[in-house]
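Atoms within each ligand, like the ligands themselves, are counted from 1 in listed order.
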Amino acid sequence: MIMPTSFYHILTENDLDAVVAYLRTITPVHNKVPDPIYKVPQVENVPPGGENPFAEPMMSDKVQKEFYLVTIAHCMACHTPIGPRGREYKSSLGAGGVKFSGPWGISVSRNITQNKTNGIGAWSDDEIKRAITDGVSRDGSRLGRPMGYHYYARISSDDLDAIVAYLRTVPGSAE
Ligand code: HEC
């Protein structure tokens, strides 16, 4: 369940081909990995609207492109709380509160809804972009793992604008 496959159903044929083409360039390495041990049924929680591959013409629609980018960046994989039936997209999209433990300790995904006190509703666009690409919060403090700031640092400025535009549409949640 760690691999966010539910956020990749939306991938256009071109983008999926590009991912495969990139994988073909990785130098083969012999590395036998242990079999997985699953303790619960593996479920997929596809975000509403991301069930099917997007067709190329949909990418010229601004709103659809914004949703596409946030989906493949799987922001809501970590930032939407998980209830008994999976991620609570309908009631708490982007509300945060998911705990991640690892060698870094325990981090908790934050509220990235437009709530002005608990979320990022009062942040400027530049403050939001800095958090995504540099891992620095509004008050200047360093954000920790597992969010992949260094991967997001290479997002083009147009795509970053689109991601911020999408975040501006996420209704405020007080969680
Ligand atoms: C792998 C999980 C994960 C993914 C994917 C992820 N985040 Fe995060 N994000 C976190 C965690 C955990 C924190 C808090 C880190 C901390 O407190 O040190 C965080 C922090 C943030 C913050 C800072 C909020 C604050 O109050 O300081 C913003 C903004 C944010 N994420 C937006 C996004 C966006 C936009 C995306 C997609 C482009 C995204 N995140 C993808 C886990 C994730």
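The environment of CD1 in I26 is crowded: more than 12 heavy-atom neighbours from other residues, nucleotides or ligands sit within 6.0 Å. Applying the 6.0 Å contact sphere to CZ of R168 captures more than 12 heavy atoms from other residues, nucleotides or ligands.
Near P146, meaning under 4.0 Å from one of its heavy atoms, ligand 1 places the atoms 1 (C), 12 (C). Interface atoms of ligand 1 facing H74, defined by a heavy-atom separation under 4.0 Å, are 5 (C). Applying the 4.0 Å criterion to heavy atoms of L167 picks out, from ligand 1, the atoms 35 (C). The contact set between ligand 1 and I132, taken as ligand atoms under 4.0 Å from a residue heavy atom, comprises 35 (C). Close approach of ligand 1 to S107 is summarised as follows: ligand atoms under 4.0 Å from at least one heavy atom of the residue are 12 (C). Within the listing of ligand 1, atoms 24 (C), 25 (C), 26 (O), 27 (O) sit less than 4.0 angstrom from a heavy atom of W123. Shown in contact with C78 at under 4.0 Å from a heavy atom are these atoms of ligand 1, numbered in order with element: 1 (C), 2 (C), 3 (C), 4 (C), 5 (C), 42 (C), 43 (C).
Judged by distance alone, the side chain of S6 and the main-chain N or O of N45 form a donor-acceptor pair under 3.5 Å. A donor-acceptor pair is defined here as one N or O able to donate and one able to accept, closer than 3.5 Å; such a pair exists between the side chain of S109 and the backbone of C78.
For the residue pair T5/E44, the side-chain donor-acceptor check at 3.5 Å is satisfied. Judged by distance alone, the side chains of N115 and T117 do bring a donor and an acceptor atom under 3.5 Å apart. Judged purely by distance below 3.5 Å, without hydrogens or angles, the side chains of S141 and D139 pair a donor atom with an acceptor atom.
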One pair to check against side chain to side chain donor-acceptor pair (under 3.5 Å): D158 and S156. What are the steps and the verdict? CA-CA 5 Å; D158 282 357; S156 72; 5.6 Å; no
Would V108 and V98 count as a side-chain contact (heavy atoms from CB on, under 4.5 Å) here? Give the steps. CA-CA 5 Å; V108 183; V98 185; over 6 Å; no
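Of all the heavy atoms of V108, the ones lying under 4.0 Å from any atom of ligand 1 belong exclusively to the backbone. Under 4.0 angstrom from ligand 1, the non-hydrogen atoms of H79 all belong to its side chain. Using a 4.0 Å cut-off between heavy atoms, A131 contacts ligand 1 through its side chain alone, with no backbone atom that close. Heavy atoms of F7 found under 4.0 angstrom from ligand 1: none, in either backbone or side chain. Counting heavy atoms closer than 4.0 Å to ligand 1, residue L143 contributes atoms from both its backbone and its side chain.
In this structure, A77 does not count as a contact residue of ligand 1, since none of its heavy atoms falls inside 4.0 Å of the ligand. The closest approach between a heavy atom of I128 and any atom of ligand 1 is not below 4.0 Å. At least one heavy atom of Y149 sits less than 4.0 Å from an atom of ligand 1.
Ligand 1 has a nitrogen or oxygen under 3.5 angstrom from a nitrogen or oxygen of R110. Distances between N or O atoms of G144 and those of ligand 1 include at least one value under 3.5 Å. Taking any N or O of S137, backbone or side chain, at least one lies under 3.5 Å from an N or O belonging to ligand 1.
To the nearest 0.5 angstrom, L143 atom CG is 5.0 Å from R110 atom CZ.
Between Y89 and F7, the ring planes are perpendicular. Angles over 60° get that label, and only those under 30° would be called parallel.
With hydrogens left out, the protein atom closest to atom 11 (C) of ligand 1 is S109 CA, 3.6 Å, a heavy atom. The protein heavy-atom contact nearest to atom 28 (C) of ligand 1 is I112 CG2, 3.6 Å.
Contact of the Y166 side chain with the V63 side chain is not registered, since no non-hydrogen atoms from C-beta on lie closer than 4.5 Å.
With 2.8 Å as the limit, M147 counts as an N, O or S neighbour of atom 8 (Fe) of ligand 1.
Of the listed residues (G105, C75, G94, A73), the one carrying the non-hydrogen atom nearest atom 37 (C) of ligand 1 is C75.
A salt bridge is absent between D134 and K129: the closest approach of a Lys/Arg side-chain nitrogen to an acidic carboxylate oxygen does not fall below 4.0 angstrom.
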